[in-house]
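The block underneath contains the structure these notes are about, expressed in structure tokens.
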Amino acid sequence: AQSAFLAKKSTHDSFLYVQNAVRSLHRTKTPTLLIKLEIAKAFDNVSWEYLLELLQALGFLARWRDWITMLLASLTSSFLLNGAVGKKI
């Protein structure tokens, strides 16, 4: 959920969003991996190889890791939602 650079939003909004999501996941005992990245700096500082190895060590299936790899290797991506392709991002 983006809050920076949007009218009527603040960094605190993101904190509250994440805090509520974590509480809900904890309450339902849902196994979860949360990753916080600042996209402007992420591609310069994150070792994608390490991230993919971590996902494997945590038990994420190869198909899911392949999707992440495709997203990282592409300049643009789009998502399929209810059978409709969304705008490229």
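Quick note: residue numbers are just sequence positions, from 1. Owing to the predicted nature of the structure, the values given are computational and were not obtained by experimental measurement.
Between Leu25 atom CG and Asn20 atom CG the span is 11.0 Å, to the nearest 0.5 Å.
Looking at residues two or more places apart in sequence or on another chain, you find a side-chain contact (heavy atoms from CB on, under 4.5 Å) between Thr28 and Thr30. Looking at residues two or more places apart in sequence or on another chain, you find a side-chain contact (heavy atoms from CB on, under 4.5 Å) between Val18 and Val22.
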Ignoring hydrogens and angles, write down the donor-acceptor pairs under 3.5 Å from the side chains of residues 52-69, residues two or more places apart or on other chains.
| unit_1 | atom_1 | unit_2 | atom_2 | d |
| --- | --- | --- | --- | --- |
| Arg65 | NH1 | Phe60 | O | 2.4 |
| Thr69 | OG1 | Arg65 | O | 2.9 |

